[in-house]
Amino acid sequence: SPTLIGASSATATTPASGTLDGLTNPTLLSLNLTGLTPATTYYFKVVAGSVSGDILSFTTDAVLATPTVTTNAATGVSVNSATLNGSINPNLTPITAIQFIYGTSPPLTTTNSTSTLDDGAGAALTAGGSSAQSFSTTTTGLVGGTTYYYKIRACTASSGTYPNITCSAFTDGSILNFTATAVTVPSVSTNAPSSVTATSMALNGAITATGGADATQSGFAYGTSSSLTTVIATSTLGAQSGTASFSTSTTGLSGNTTYYIRAYSTNSAGTSYGAIVSTTTLTGIVAPSVTTNTPSSVTSSAITFNGVI
């Protein structure tokens with residue numbers, strides 16, 4: 001009686017088998033098998049007494065299931081950017097595109113932004129298989145202090161060309177949120193004046209930290225009061241980009257006079273000030289005092305002129 005033997009390994013020692021009795025003439029053998037595992041390769045052969053046929057194989061079809069989509073916590077959150085993270089287990093279902101949906105409204109149904117992941121070659125990123133894979137994208141142009149909501153999306157049917165992909169069938173992860181770091185006032189330092197003369201000097205300062213937003217205004221206040229409660233003048237230098245040094249020259253000062261200076265900078269969060277520093281102008285050059293005195297030693301042909309400086 002021929003026996004049809006099958007197993008999930010070509011070297012299995014305890015294969016499954018089925019015996020077909022009553023075969024006396026050459027014939028085609030067949031045996032229906034059930035309870036097999038999806039997406040698995042099986043090996044089989046026919047045995048008749050001490051004679052075996054060749055070992056052949058077949059692979060069962062995969063069972064497609066809804067993808068498992070998980071939205072993970074955002075990382076690298078700053079004033080104007082954040083990295084959105086998630087994972088997808090396709091569960092053998094082809095994934096045609098992967099997207100992150102984000103916006104400032106929790107339902108994420110209107111006025112949202114969509115980031116379609118790129119495979120690096122100008123096409124939408126896809127995924128397959130039956131194990132979880134991690135994905136991420138970095139968003140920019142955020143507004144400090146604002147709460148954003150986001151989710152990852154696995155598209156199982158889509159159309160369009162990257163980056164303009166429209167998903168007609170998809171599975172979404174849960175909606176999570178993060179708050180972009182709030183903007184703070186800039187950090188400012190007042191540096192020592194330079195090129196000091198009797199009537200002028202250069203005022204120097206620097207923005208050492210932006211606070212998350214560029215300065216919309218910067219400058220100096222200076223005067224002869226150590227607390228600068230009375231300010232002679234304020235020098236306005238305008239906007240600054242990033243951390244930057246700034247300076248200006250001031251004239252019309254008095255010689256041999258101590259002046260106090262403080263730098264300032266303004267961004268969307270407010271105005272901050274550097275420390276007050278001081279310097280003394282040089283003694284000025286003044287016109288000499290001259291006195292003409294009465295001539296002396298006057299004769300008929302000579303005279304001595306006299307004066308004092």
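The structure presented is a predicted model; accordingly, all values stated were derived computationally and were not measured.
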**OP:** Before giving the answer on side chain to side chain contact (heavy atoms under 4.5 Å, CB included), spell out for Thr280 and Asn256 the whole-Å C-alpha distance, their side-chain angles and the decisive distance to 0.1 Å.
**Re:** CA-CA 6 Å; Thr280 301; Asn256 196 30; 4.1 Å; yes
Give a yes or no answer on whether the side chain of [X] reaches the backbone of [Y] with a donor-acceptor pair at less than 3.5 Å.
X      : Y      : value
Thr93  : Ala65  : yes
Asn306 : Thr294 : yes
Thr60  : Thr40  : yes
Thr71  : Ser174 : yes
Thr166 : Ser159 : no

Hey, could you give me the [atom1]/[atom2] distance between [X] and [Y], rounded to the nearest 0.5 Å?
X      : Y      : atom1 : atom2 : value
Leu176 : Leu84  : CG    : CG    : 10.0 Å
Arg262 : Thr234 : CZ    : OG1   : 9.5 Å
Asn191 : Leu203 : CG    : CG    : 11.0 Å
Ser187 : Ile207 : OG    : CD1   : 10.0 Å
Asn89  : Thr171 : CG    : OG1   : 11.5 Å
Ile175 : Ile152 : CD1   : CD1   : 13.5 Å

Subject >> side-chain hydrogen bond (donor to acceptor under 3.5 Å, both in side chains) partners of residues 212-223, not counting sequence neighbours, each pair once >> reply: Ser218-Gln240, Tyr222-Thr250
Taking all non-hydrogen atoms of both residues, which atom of [X] and which atom of [Y] are closest, and how far apart?
X      : Y      : value
Ile303 : Pro295 : CD1-CB, 3.5 Å
Gly223 : Leu228 : N-CD2, 3.4 Å
Ser158 : Ser168 : N-OG, 4.2 Å
Thr190 : Ala275 : OG1-O, 2.7 Å
Ala213 : Asn267 : O-ND2, 3.6 Å
Ala154 : Ile88  : CB-CD1, 3.7 Å

For [range], which residue pairs qualify under ring-ring contact (aromatic ring centres under 6.0 Å, His included), counting only residues two or more places apart or in two chains?
range            : answer
residues 148-169 : Tyr148-Phe178, Tyr150-Phe178
residues 233-284 : Phe220-Phe246
residues 76-127  : none

The criterion is side-chain hydrogen bond (donor to acceptor under 3.5 Å, both in side chains); which residues satisfy it with [X], sequence neighbours excluded?
X      : answer
Thr199 : none
Thr75  : Asn85
Thr229 : Ser225, Ser227
Ser134 : none

Subject >> Where at least one partner belongs to residues 32-108, residue pairs that pass disulfide bond (SG atoms under 2.5 Å apart), sequence neighbours excluded >> reply: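 Listed by first then second residue: nothing to list.
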**OP:** Mind jotting down which residue pairs meet the disulfide bond (SG atoms under 2.5 Å apart) criterion with at least one end in residues 161-261? Sequence neighbours excluded, please.
**Re:**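 Non-adjacent pairs meeting disulfide bond (SG atoms under 2.5 Å apart): Cys155-Cys167.
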Check whether any side-chain heavy atom of [X] lies under 4.5 Å from a side-chain heavy atom of [Y], and answer yes or no.
X      : Y      : value
Ser194 : Asn204 : yes
Tyr42  : Thr37  : yes
Ile261 : Met201 : yes
Ser113 : Thr139 : no
Asn177 : Pro106 : no
Thr224 : Ile232 : yes

If you group Ile, Leu, Val, Met, Phe, Trp and Tyr by side-chain heavy-atom gaps below 4.5 Å, do [X] and [Y] land in one group?
X      : Y      : value
Phe58  : Leu56  : yes
Ile98  : Leu64  : no
Ile276 : Val196 : no
Leu92  : Val69  : no
Leu108 : Phe170 : no

Original post:
Hey, is CG on Asp54 packed in by over 12 heavy atoms from elsewhere, all under 6.0 Å?
Top reply: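 Atom CG in Asp54 is not packed in, count stays at 12 or less.
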Original post:
Listed by chain and number, what are the side chain to side chain contact (heavy atoms under 4.5 Å, CB included) partners of Ser245, not counting sequence neighbours?
Top reply: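 Ser245 satisfies side chain to side chain contact (heavy atoms under 4.5 Å, CB included) with Ala206 once adjacent residues are dropped.
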**OP:** Applying side chain to side chain donor-acceptor pair (under 3.5 Å), run through Thr147 and Thr179 and close with a yes or a no.
**Re:** CA-CA 4 Å; Thr147 298; Thr179 300; 2.9 Å; yes
Would you tabulate the side-chain donor-acceptor contacts of residues 117-133 under 3.5 Å, counting partners in other chains and residues two or more places apart, or write 'none'?
{"unit_1": "Asp118", "atom_1": "OD1", "unit_2": "Gly120", "atom_2": "N", "d": "3.0"}
{"unit_1": "Asp118", "atom_1": "OD1", "unit_2": "Gly122", "atom_2": "N", "d": "3.2"}
{"unit_1": "Asp118", "atom_1": "OD1", "unit_2": "Ala123", "atom_2": "N", "d": "3.3"}
{"unit_1": "Asp119", "atom_1": "OD1", "unit_2": "Ala121", "atom_2": "N", "d": "2.7"}
{"unit_1": "Asp119", "atom_1": "OD1", "unit_2": "Gly122", "atom_2": "N", "d": "3.4"}
{"unit_1": "Asp119", "atom_1": "OD1", "unit_2": "Ala123", "atom_2": "N", "d": "3.2"}
{"unit_1": "Gln133", "atom_1": "NE2", "unit_2": "Gly128", "atom_2": "O", "d": "2.9"}

Original post:
Do Ile95 and Thr156 pass the side chain to side chain contact (heavy atoms under 4.5 Å, CB included) test, and can you show the C-alpha distance, the side-chain angles, and the key distance before you say yes or no?
Top reply: CA-CA 5 Å; Ile95 305 299; Thr156 51; 4.1 Å; yes
**OP:** Give me the one residue out of Thr184, Thr243, Val79 that meets side-chain contact (heavy atoms from CB on, under 4.5 Å) with Thr210.
**Re:** Thr243
Subject >> Trace of the side chain to side chain donor-acceptor pair (under 3.5 Å) decision for Ser115 with Thr137 >> reply: CA-CA 7 Å; Ser115 174; Thr137 187; 3.0 Å; yes
